[in-house]
Amino acid sequence: VDGWVVAMVSHGTDLYVSGPSGISRWDGSQWHPVGFSSSGFLAMAVAGEDLYVVGDVSFGIRRWRLGSPADANTPWTRLADGVNGTVYSL
């Protein structure tokens, strides 16, 4: 993680952190990128095996399946378009 932290959420023994370089996962010994880089994330929440992320108008609301490989082909599911403002919390 480089810079400031906007949001943090834990799942099991992993810690997910969002900041200026996107979302990263701390596994207790090292950082791993989580499938999508954006500085527009403002809040995160975990429900079951899914990570929900919200942010600015252009980002909307998205879901990422925890445990998915973090590469360019990892699909983020866009859950809401047309958010009429920035979403700050879940």
Please report the shortest heavy-atom distance between A43 and A7, naming the atom on each side. CA-CB, 4.0 Å
Closest heavy-atom pair and its distance - V53, L90: N-CD1, 4.3 Å
Is M44 close to I23 at the side-chain level, that is, under 4.5 Å between some pair of heavy atoms? yes
Could you grab the distance from atom CH2 of W31 to atom CG of L15, nearest 0.5 Å is fine? 5.5 Å
When rounded to the nearest 0.5 Å, the distance separating OG of S24 from CD of Q30 is 11.5 Å
